[in-house]
Amino acid sequence: MKTPVHIPVLLSAVMELLRPSGKGVYLDATIGGGGHTREILRRIDGDGVVIGMDRDSDALARVEKELKDERLVLLKASFSEMTGGVRGLGYEVLDGILMDLGISMMQLRDDQRGFSFSSGAYLDMRMDRSSPVTAERIVNDYNPMDIERILRDYGEERFARKIARAIVEERKKARIRRCDQLAGIVERVYRRRGRIHPATKTFQALRIAVNEELKELETGLENAVALLREGARLCVITYHSLEDRIVKRYFISLAKEGRVRKLNKKPLRPSADELRENPSSRSAKLRGVERL
């Protein structure tokens, strides 16, 4: 399988808000394909440091192979483990943090990861493959009400009840193990295909549930702000309304408390040129704050 080209989302806008320079120590809290980290390294000097963090061991191994730079320190950790991980490396405070909440194209197109509804892969969806809960387990072992709640709350899926019932009926025949099996069930509930695949929200919901993404985000935001020195900046890229709502409300709360200054009143969005180059960036929103 051909390796997909990694295109970092909102790269120019992130650099404009984050302002990496000099001897600063910066954290890329979701290093993914390494695109943002590569640009931060380009902008700092020989004594600067970038901590490249991810909960995905595959992403870290790939970046370690591709980005050979002594100023880069890799860290396997989730958002909730951020503070302990960073301070375990010997850094008490940081000059800037980026949290890109998107799933990378490497993960999406890796048939072994189970993120894509178009593949016949096992329904996995774990960012950290040492975690015990998979999408296959949720689909086959959770009760109908919990499946419905996951689809409704995490996917904002209007057919959550119908899809949950269809899943339960199908699993009575045999376990639902593959991505394309689940996608087919959702398609039959919708009975039509639009521009966006009908299983998109179901897969989003399951991925969020498997990786506890919203809980991790809330804890990660708290950890990130605590790690910022005065004048340091936190930038967050979100990709759907649930994430963006959490970030927006948290930043508003911090600003009211006088702990941060918001860097942009409205979220920054991809330009028309970026959308042409990278259509998957269409839902991205960037918000930033500066620690006071």
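Predicted model only: the values in this text are computed from it and were never measured.
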**Message:** Applying salt bridge (charged side-chain N to carboxylate O under 4.0 Å, His left out) to E66 and R62, what does each step give before you reach the verdict?
**Reply:** CA-CA 6 Å; E66 295 177 0; R62 186 165 49 245; 5.2 Å; no
**Asked** Does the pair E39 and L11 meet the rule for a side-chain contact (heavy atoms from CB on, under 4.5 Å), with working shown?
**Response** CA-CA 8 Å; E39 183 62 20; L11 183 61; 3.8 Å; yes
**Message:** Please determine whether side-chain contact (heavy atoms from CB on, under 4.5 Å) holds for the pair V236 and F251, giving the CA-CA distance in whole Å, both sets of side-chain angles, and the decisive distance to 0.1 Å.
**Reply:** CA-CA 10 Å; V236 184; F251 283 180; 3.9 Å; yes
**Request:** Let me see the working for T134 and Y122 under side-chain contact (heavy atoms from CB on, under 4.5 Å), right down to the final yes or no.
**Result:** CA-CA 10 Å; T134 63; Y122 172 71; 3.5 Å; yes
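Between the CZ atom of R261 and the CG atom of L292 there is a distance of 7.5 Å, given to the nearest 0.5 Å. Distance check: E274 CD to S12 OG gives 8.0 Å after rounding to the nearest 0.5 Å. Separating the CD atom in E187 from the CG atom in D180 is a distance of 10.0 Å, to the nearest 0.5 Å. Rounded to the nearest 0.5 Å, atoms CG (D128) and CG (N211) are 8.5 Å apart. Considering NE2 of H240 and NZ of K201, their distance stands at 12.0 Å, rounded to 0.5 Å. Summarising the geometry, atom CE belonging to M145 is positioned 11.0 Å from atom CZ belonging to R152; distances are rounded to the nearest 0.5 Å.
Taking 4.0 Å as the cut-off between side-chain N and carboxylate O, R259 and E290 do not count as a salt-bridged pair. Salt-bridge check for E136 with R177: passed, with a basic side-chain N closer than 4.0 Å to an acidic carboxylate O. The pair D95-R233 fails the salt-bridge criterion, with no side-chain N (NZ, NE, NH1 or NH2) lying under 4.0 Å from an Asp/Glu carboxylate O. We find that D124 and R129 are not joined by a salt bridge, their nearest charged nitrogen and carboxylate oxygen being 4.0 Å or further apart.
The closest side-chain heavy-atom distance from L286 to P267 is not below 4.5 Å. Inter-residue side-chain proximity for R287 and L234 is flagged as unmet; no heavy-atom pair is nearer than 4.5 Å. K285 has its side chain out of reach of V247: every pair of non-hydrogen atoms, C-beta onward, lies at least 4.5 Å apart. Side-chain contact between M53 and K76: absent, with no pair of heavy atoms (C-beta onward) separated by less than 4.5 Å. In this structure, the side chains of L94 and I51 come closer than 4.5 Å at one or more pairs of heavy atoms. The shortest side-chain heavy-atom distance between F203 and V186 does not fall under the 4.5 Å cut-off. No side-chain heavy atom of R43 sits less than 4.5 Å from a side-chain heavy atom of I40. Within the 4.5 Å cutoff, the side chain of E70 has no heavy atoms near those of the V49 side chain.
Using modelled atom types, no side-chain atom of E169 and backbone atom of A166 make a donor-acceptor pair closer than 3.5 Å. Checking side-chain atoms of T30 against main-chain N and O of D100 turns up a donor-acceptor pair under 3.5 Å. Checked by atom type and distance alone, the side chain of R71 pairs as donor or acceptor with a backbone atom of I44 at under 3.5 Å. When atom types are taken as modelled, the side chain of D45 and the backbone of G48 share a donor-acceptor pair closer than 3.5 angstrom. Between the side chain of N264 and the backbone N or O of G288, at least one donor-acceptor pair lies under 3.5 Å. Panel note: side chain R171, backbone V139; a donor-acceptor pair is recorded below 3.5 Å.
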Contacts table for residues 214-226: side-chain donor-acceptor under 3.5 angstrom, sequence neighbours left out:
{"unit_1": "E216", "atom_1": "OE1", "unit_2": "S78", "atom_2": "OG", "d": "3.4"}
{"unit_1": "E216", "atom_1": "OE1", "unit_2": "F79", "atom_2": "N", "d": "3.1"}
{"unit_1": "E216", "atom_1": "OE1", "unit_2": "S80", "atom_2": "N", "d": "2.9"}
{"unit_1": "E216", "atom_1": "OE1", "unit_2": "S80", "atom_2": "OG", "d": "3.3"}
{"unit_1": "E216", "atom_1": "OE2", "unit_2": "S80", "atom_2": "OG", "d": "2.8"}
{"unit_1": "T219", "atom_1": "OG1", "unit_2": "K215", "atom_2": "O", "d": "3.1"}
{"unit_1": "N223", "atom_1": "OD1", "unit_2": "T83", "atom_2": "OG1", "d": "3.3"}
{"unit_1": "N223", "atom_1": "ND2", "unit_2": "F79", "atom_2": "O", "d": "3.0"}
{"unit_1": "N223", "atom_1": "ND2", "unit_2": "S80", "atom_2": "O", "d": "3.4"}

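Both L268 and M15 sit in one connected hydrophobic cluster of ILVMFWY residues. Membership requires side-chain heavy atoms under 4.5 Å apart, directly or through other members. In terms of hydrophobic clustering, with Ile, Leu, Val, Met, Phe, Trp and Tyr side chains grouped at heavy-atom distances under 4.5 Å, V25 and L89 are assigned to a common cluster. Under a hydrophobic-cluster definition in which Ile, Leu, Val, Met, Phe, Trp and Tyr are linked whenever side-chain heavy atoms come within less than 4.5 Å, directly or via other members, L123 and V189 are assigned to the same cluster. In the hydrophobic cluster analysis, where Ile, Leu, Val, Met, Phe, Trp and Tyr join through side-chain heavy atoms closer than 4.5 angstrom, I150 is grouped together with I176.
In this structure, I167 and L182 approach most closely via the heavy-atom pair CD1-CD1, 3.8 Å. Of all heavy-atom pairs between R137 and P132, the closest is NH1-O, 3.8 Å. Nearest heavy-atom pair across A284 and I237 is CB-CG2, 4.0 Å. Of all non-hydrogen atoms in L275 and S281, the two that sit nearest each other are CD2-OG, 3.7 Å. Nearest approach of G155 to A205, heavy atoms of both residues: N-CB, 3.5 Å. When all heavy atoms of L227 and I97 are compared, the closest pair comes out as CB-CD1, 4.2 Å.
Environment of CD in E170: crowded, with over 12 heavy atoms of neighbouring residues, nucleotides or ligands closer than 6.0 Å. Under a cut-off of 6.0 angstrom, the local environment of CD in E230 is sparse, with at most 12 non-hydrogen atoms contributed by other residues, nucleotides or ligands.
Applying the side chain to side chain donor-acceptor pair (under 3.5 Å) test to every pair with at least one member in residues 153-167, sequence neighbours left out, gives these pairs: E148-R161, E156-S241, E157-Y190.
Side-chain polar atoms of D273 and S271 form no donor-acceptor pair below 3.5 angstrom.
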